[in-house]
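We count residues from 1, following the sequence as given. Only this structure's heavy atoms are used, side chains among them; waters, hydrogens and symmetry mates stay out.
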Amino acid sequence: MEQENRHIVVVGAGQAGAALVARLRTQGYGGPITLIGAESVPPYQRPPLSKKYLLGEFALERLFLRPEAFYEEHDISLRLGTMVEGVDTEAKTLLLAGGEVLGWDELVLTTGSHARRLPAAIGGDLPGVHVMRDLADADALAPQMQPGRRMVIVGGGYIGLEAAAVAAKLGLEVTLIEAAPRILQRVACAETSDYFRALHTGHGVTILEGVGLERLTGDDHVTGARLADGREIAADFVITGIGIAPGMSLAEAAGVTCENGIAVDLRGRTSEPGIWAAGDCASFPLRGQRLRLESVQNAIDQSECLADNLMGAEADYAPKPWFWSDQYDVKLQIAGLNLGYDRVVVRAGEGLVRSHWYYAGETLLAVDAMNDPRAYMVGKRLIDAGKSAPAEAVADPSVELKTLLR
């Protein structure tokens, strides 16, 4: 079959899927493209959901990655509100809800991820228990965010902390529970945890670390949280921020190899010929392990690399990770991956300006920059170039950051 006649079907209309179909068209692909999304709205940004959208500072239309007309203008068949129930790898077809069968020549899974929920046995399905992942979650949560109400957050990762910041700004009484010894333990150094703990407690948030949740209480609606040490925290509603899980059930049912997500090689190919994957749902080999990167940047960059490979580029994906989080008046920017660090160098600035530099030996791995865009940009340029900076110079605030690039 000629390349231009192949029907490319993309399942998952999030950041990755939207980036992929746009890249195919801008790179000159003229064949049929179908983008299938389970939600009823066009592809949209997720990061503002737990920040400005929840605060009421961001209108729905501003969330859309592109106007809906973009897809029609670029001859992309956008199928919204459509569930895919199965993949037939032999016949190269999809079974859609309602019985429709759709053929494909190349299938790309950009099925994203979903919020992990607490087990029903400990009250996870009680009314008033929320997660914060998609537009429906944000719309359900927004009416609850009223001044004076008591909110309990289970989980001290970035989603939980961002929700805490929004609630505190709106005048709610916020208690955050983290079972690990410290917040952000899975993703950041102790110094970064200390910084954000102080930031939140300074805004009136109660943070309880090193204590597990026994169960959520209530009969027909959540009323609180009972902790493993016997304490009970009253709640008008609860947010669970205990991580996300890759959307791989469709791939698993089709016999595609999955390991920490849908397993792909560096070109985006799965174990099944003609099936590809990218974004939050996909794991790829990096530094001797199979890694998933849960970020907007990865969703875009990996999908665009995959789109090029669909057109014959045969290019390996070379991730250059960066992340961010907004909490109160602090913007955290992260460059690189801190996997395997053995020390952290602190560079202090004035007020809330601060950066934490992760090293493995003499090698710079990552930087957490709080209200310090210059440290972020210098760190990112060094990491992307495979260079490092002397730890002594980084720690010395009298040394200008730009000199580290020489």
Side-chain angles (χ1 to χ4, degrees), residues 3 6 8-12 14-29 33 35 87 89 92 104-113 187 244-252 254-323 334-341 358 360 363-366 380-387:
Q3 187 182 48
R6 295 175 304 158
I8 298 177
V9 176
V10 182
V11 178
Q15 188 89 55
L20 192 145
V21 297
R23 178 76 165 195
L24 285 170
R25 286 297 188 234
T26 58
Q27 294 297 98
Y29 182 72
I33 301 174
L35 176 60
V87 178
T89 57
K92 288 197 168 184
W104 51 269
D105 298 302
E106 305 282 353
L107 176 64
V108 186
L109 301 175
T110 54
T111 43
S113 54
V187 293
I244 59 177
M248 58 185 185
S249 57
L250 196 63
E252 282 184 312
V256 175
T257 298
C258 293
E259 181 186 346
N260 184 30
I262 303 170
V264 300
D265 64 13
L266 289 176
R267 296 183 181 178
R269 299 172 297 202
T270 73
S271 61
E272 288 291 326
I275 301 182
W276 312 64
D280 279 7
C281 68
S283 68
F284 57 92
L286 185 69
R287 299 185 191 173
Q289 58 183 292
R290 186 156 283 282
L291 193 71
R292 281 189 311 110
L293 294 179
E294 300 165 355
S295 74
V296 168
Q297 168 266 335
N298 176 70
I300 295 171
D301 291 353
Q302 190 180 23
S303 293
E304 290 185 344
C305 180
L306 194 160
D308 292 347
N309 287 332
L310 281 167
M311 297 181 67
E314 298 186 3
D316 286 349
Y317 176 48
K320 296 182 177 180
W322 56 268
F323 313 85
I334 303 170
L337 291 174
N338 62 25
L339 299 174
Y341 74 94
Y358 297 79
T363 302
L364 177 65
L365 300 177
K380 188 174 190 310
R381 285 176 63 182
L382 287 168
I383 294 162
D384 287 352
K387 298 180 179 179

Student: Got a sec: does the CZ of Arg381 have more than 12 other heavy atoms crowding it under 6.0 Å?
Tutor: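 12 or below, so no.
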Student: Grab the two heavy atoms, one from Ile383 and one from Leu365, that are nearest each other, plus how far apart they are.
Tutor: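 Shortest heavy-atom separation between Ile383 and Leu365 comes out as CD1-O, 3.6 Å.
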Student: Taking side chain as C-beta onward, heavy atoms only, is Phe284 less than 4.5 Å from Leu266?
Tutor: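 Phe284 reaches Leu266 side chain to side chain.
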Student: Taking the side chain as C-beta and beyond, is there a heavy-atom pair between Phe323 and Leu337 under 4.5 Å?
Tutor: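 Yes, close enough: below the 4.5 Å cut-off.
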Student: Search all heavy atoms of Cys281 against all heavy atoms of Ala278 and return the closest pair with its distance.
Tutor: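 Looking at all heavy atoms of both residues, the closest pair is SG-O, 3.4 Å.
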Student: Would you say Asn309's side chain and Glu314's backbone share a donor-acceptor pair under 3.5 angstrom?
Tutor: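 Here the side-chain-to-backbone pair exists.
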Student: If you measure from CD1 on Ile275 to CG on Leu109, what distance do you get to the nearest 0.5 Å?
Tutor: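 Those atoms lie 6.5 Å apart.
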Student: One thing to verify: whether Asp301 and Lys320 come together as a salt bridge, which I'm taking to mean a side-chain N less than 4.0 angstrom from a carboxylate O.
Tutor: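 Salt bridge between Lys320 and Asp301, a charged N being under 4.0 Å from a carboxylate O: no.
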Student: Can you tell me how far the CG atom of Asn298 sits from the CG atom of Asp280, to the nearest 0.5 Å?
Tutor: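 Spacing of CG (Asn298) from CG (Asp280) equals 7.5 Å.
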Student: Taking all non-hydrogen atoms of both residues into account, name the closest pair between Ala315 and Cys305 and its distance.
Tutor: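 Minimum heavy-atom separation between Ala315 and Cys305: O-SG, 3.5 Å.
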Student: Under the 3.5 angstrom rule, does the side chain of Asp265 hit a backbone N or O of Gly268 as a donor-acceptor pair?
Tutor: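 Such a contact is found between Asp265 side chain and Gly268 backbone.
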Student: Within this structure, what is the CH2-CD1 distance for the pair Trp276 and Ile8, rounded to the nearest 0.5 Å?
Tutor: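 So the gap between those two atoms works out to 9.0 Å.
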Student: Does any N or O in the side chain of Gln302 come within less than 3.5 Å of the main-chain N or O of Gly279, such that one atom is a donor and the other an acceptor?
Tutor: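 The answer is yes, because a donor-acceptor pair under 3.5 Å joins these two groups.
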Student: Between Gly261 and Arg292, what is the shortest heavy-atom contact and its length?
Tutor: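 That closest heavy-atom pairing would be CA-CD, 4.0 Å.
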Student: Quick one: which of Thr257, Ile262, Val108 gives a side-chain contact (heavy atoms from CB on, under 4.5 Å) with Thr270?
Tutor: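 The option that passes is Ile262.
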Student: Evaluate side-chain contact (heavy atoms from CB on, under 4.5 Å) for Ile33 paired with Leu24, printing each intermediate quantity in order.
Tutor: CA-CA 9 Å; Ile33 301 174; Leu24 285 170; 3.9 Å; yes
Student: Does any non-hydrogen side-chain atom of Val9 lie less than 4.5 Å from one of Glu106?
Tutor: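 Side chain of Glu106 against side chain of Val9, heavy atoms only: no contact under 4.5 Å found.
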Student: Could you pull out the closest heavy-atom pair between Gly336 and Ala366, with the gap in Å?
Tutor: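 Shortest heavy-atom separation between Gly336 and Ala366 comes out as C-CB, 3.8 Å.
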Student: If you take all heavy atoms of Gly274 and Trp104, which pair is closest and at what distance?
Tutor: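 Looking at all heavy atoms of both residues, the closest pair is O-CZ3, 3.6 Å.
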Student: Regarding Lys92 and Asp105, does a basic nitrogen lie under 4.0 Å from an acidic carboxylate oxygen?
Tutor: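 So Lys92 does not pair with Asp105 through a salt bridge.
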Student: Less than 4.5 Å apart, any side-chain heavy atom of Met248 and any of Thr111?
Tutor: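 Met248 does not reach Thr111 side chain to side chain.
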Student: To the closest 0.5 Å, what do you measure between CG (Leu35) and CG (Leu20)?
Tutor: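 One finds 9.0 Å between CG of Leu35 and CG of Leu20.
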Student: Hey, are the side chains of Arg269 and Val264 touching, using non-hydrogen atoms and a 4.5 Å cut-off?
Tutor: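 No. Closest side-chain heavy atoms not under 4.5 Å.
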Student: Between atom CD of Glu259 and atom CZ of Arg290, what is the distance when rounded to the nearest 0.5 Å?
Tutor: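 Atom-to-atom, Glu259:CD and Arg290:CZ are 5.5 Å apart.
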Student: Test your reading of the model: is there a side-chain donor-acceptor pair from Arg23 to the backbone of Ser303, 3.5 Å cut-off?
Tutor: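 No; zero donor-acceptor contacts below 3.5 Å.
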Student: I need the Asp316 CG to Arg267 CZ distance, nearest 0.5 Å.
Tutor: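 Here the rounded value is 5.0 Å.
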